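Here the structure is a predicted model, which means the values were calculated and not measured. Each chain gets a letter, A, B and so on, in the order the sequences are listed, and its residues count up from 1. Heavy atoms only: backbone and side chains are in, while hydrogens, waters and symmetry mates are out.
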2 protein chains.
Amino acid sequence: MTEVPAFTSRTDYAASLLRQEILSGKMEPGDLLAESAVAVRLGVSRVPVREALFTLEREGFVEFSGTGRAFVKALSPQDFDELYTLRLALEPLAARLASPSVTCDARLLEKNIKDTNRAKTMLDVTRLDLEFHEIILEASGNGRLLKLWRSMRGELELWLGRLHRRHQVQKLDTRAETMRSHQTIVDCFKQQTPAACESLMRKHITGWREWLPVLPEGE
Amino acid sequence: MTEVPAFTSRTDYAASLLRQEILSGKMEPGDLLAESAVAVRLGVSRVPVREALFTLEREGFVEFSGTGRAFVKALSPQDFDELYTLRLALEPLAARLASPSVTCDARLLEKNIKDTNRAKTMLDVTRLDLEFHEIILEASGNGRLLKLWRSMRGELELWLGRLHRRHQVQKLDTRAETMRSHQTIVDCFKQQTPAACESLMRKHITGWREWLPVLPEGE
DNA sequence: ATGATACAAACGGTATACCGTCTGATTTTC
DNA sequence: GAAAATCAGACGGTATACCGTTTGTATCAT
């Protein structure tokens, strides 16, 4: 956020700012992101904005209409179900692939759990939760698998962020449960077979789905 | 190929032409695709070329270096293994999801098999093979699943095309086997349970992997 | 002969300007 | 009063020009 504004390109700069605005809820789902307006507002020309919008589309934050206009992505419960189905297909696989090599990464995973314990907001807890899973995807050694996961991560973050903001689910503190569950995964990586890791991850994802509060109606 | 050049934009036009050049083998893996040169050659300006290159990257035909230069993608046997692993994760799932709804699409699938029988070249057989699978992905009703598959399709087409060109595997005519195997899938969709469809698709993908000739060394 | 340095060409990044199209509102006509 | 046509504003698509950086090569010094 407040880091040095040393972006490699204006495209990165624009993408980063827009991403933050969308995640923070400053932009509402369905809001039009017109190239010209955004370009003026961010103080860059339209070309980098255009390319940033494409990037954000790939990341799941933005969607294009048939006529090429960009909007802040709206997510329906059905969209969320799709994401859940895909997590269930990809993450247990990643856990199995990662298990032989993840010993060296167990430190990263445990650091993540400690950070989760210190996190100040539920949004940070969510972010760290997704980061935990991404570490495993990285350790899987399958670059394409990681890419696919990353193309979904934005939408997950978007969904969970909106959920928190709209329903004040801070009341429902999932932090302890998340930490406990993640710790069992780390332990499993350390001691168990790949198949056991895969199975546990499947259970974890399924359980996560059931933990979520009642979904809000479509946007 | 020889269809009416009625592209909605020059970006589409450029992407289409480049895609064809790469698939046909006119461009070698590792070849530089410099914006300026391509723009001049295709008779458009650099901006649409630039965006076409991004599109082709998403589709798997092109990769960017750290400094932003675009190259025709090179694929190693390890890349291929990654793709195989992901097919095995996604396609059986798609088959399961598609099975209740695919009855209305069985006609499409059977038309595909007939087209395969008529195909003149092995490249067409390959293209139709991938199309058969994409029909099932579409029928799964999970739009994101379809998107993930499409992000891999280009690389598969690339790999298989190069395989054919380099090793003259026309000798190894997989057409009959492909048609037979696809027909059993259609039959399964018509008569069997989702779980059976899923299982059969897993078997089909595994078998497909074993059918392929010895992989060439990395590029 | 070899290494470093400097220069030139090529390439990507960006701003700007122009054009065609789409959208929506107002006016005109039946 | 309603429907159709027209006009204006906004937006995306594209070409062009400029700038900074990278890259490859040639030259010069050691």
Side-chain angles (χ1 to χ4, degrees), chain A residues 3-22 26-74, chain B residues 3-22 26-74 147 219:
Chain A
E3 64 217 3
V4 185
F7 296 99
T8 64
S9 71
R10 315 235 171 172
T11 297
D12 281 351
Y13 170 73
S16 176
L17 250 64
L18 288 175
R19 197 183 295 114
Q20 193 178 325
E21 287 185 359
I22 294 172
K26 186 175 168 186
M27 309 290 295
E28 292 283 317
D31 279 358
L32 172 64
L33 291 165
E35 284 180 19
S36 334
V38 173
V40 170
R41 188 158 58 82
L42 302 189
V44 300
S45 77
R46 277 173 52 205
V47 179
V49 170
R50 186 181 180 75
E51 293 177 0
L53 290 174
F54 284 135
T55 299
L56 293 176
E57 185 207 17
R58 241 189 356 187
E59 292 177 358
F61 295 111
V62 156
E63 58 191 345
F64 282 86
S65 75
T67 59
R69 302 169 76 170
F71 299 88
V72 177
K73 185 178 275 186
Chain B
E3 64 217 2
V4 186
F7 296 100
T8 65
S9 71
R10 313 235 172 175
T11 297
D12 282 350
Y13 170 73
S16 175
L17 249 63
L18 288 174
R19 196 183 296 114
Q20 192 180 324
E21 287 184 359
I22 293 173
K26 187 174 167 184
M27 310 290 295
E28 292 283 316
D31 279 358
L32 171 64
L33 291 166
E35 285 180 19
S36 335
V38 174
V40 170
R41 189 158 57 84
L42 302 188
V44 299
S45 79
R46 276 174 51 206
V47 179
V49 170
R50 187 181 180 74
E51 294 177 359
L53 290 174
F54 284 134
T55 299
L56 292 176
E57 185 207 15
R58 241 189 358 190
E59 292 176 359
F61 295 111
V62 156
E63 58 191 347
F64 281 86
S65 75
T67 58
R69 302 169 77 171
F71 298 88
V72 177
K73 185 178 274 185
K147 264 195 184 172
E219 304 177 323

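Between F71(B) and G30(B), the closest heavy-atom pair is CD2-O, 3.2 Å. The shortest non-hydrogen separation linking G60(B) to K73(B) is O-CD, 3.4 Å. Between L32(B) and A70(B), the shortest heavy-atom distance links the atoms CD1-O, 3.4 Å. Nearest heavy atom pair, residue A52(B) against residue A14(B), reads CB-CB, 3.8 Å. Minimum interatomic distance between V49(A) and V38(A) (heavy atoms only, all atoms of both residues): CG1-CG1, 3.7 Å.
One atom, CZ of F71(B), and another, P of dC11(C), lie 10 Å apart when rounded to the nearest Å. Rounding to whole angstrom units, OH of residue Y13(A) and C1' of dT14(C) are separated by 15 Å. Between the CZ atom of F54(A) and the P atom of dG12(D) there is a distance of 10 Å, rounded to whole Å. Rounded to an integer number of Å, the gap from D12(B) CG to dG12(D) P is 17 Å. Atom CZ of F64(A) and atom P of dG13(D) are 8 Å apart (whole Å). Nucleotide dG12(C) holds its P atom 14 Å from the CD atom of E57(B), rounded to whole Å.
Side-chain N/O atoms of R69(B) include none lying less than 4.0 angstrom from OP1 or OP2 on dA10(C). Neither OP1 nor OP2 of dA10(C) sits under 4.0 Å from any side-chain N or O of S36(B). For dC11(D), neither phosphate oxygen OP1 nor OP2 lies less than 4.0 angstrom from any side-chain nitrogen or oxygen of R50(A).
You'll find the side chain of E28(A) stays beyond 4.5 Å of the side chain of V72(A), heavy atoms only.
Of the candidate nucleotides dT14(C), dG13(D), dC11(D), dC11(D) has the atom nearest to the side chain of L32(A). For A34(A), the side-chain atoms get nearest to dG12(D) when compared with the rest of dT14(D), dG12(D), dT14(C).
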Please tabulate the protein-to-nucleotide N/O contacts below 3.5 Å involving nucleotides 16-21 of chain C, giving atom names and distances.
none

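Position along DNA chain C of the nearest nucleotide to E35(B) versus T67(A) favours E35(B) as the more 5'-ward residue.
For D31(B), there are no side-chain hydrogen bond (donor to acceptor under 3.5 Å, both in side chains) partners, not counting sequence neighbours.
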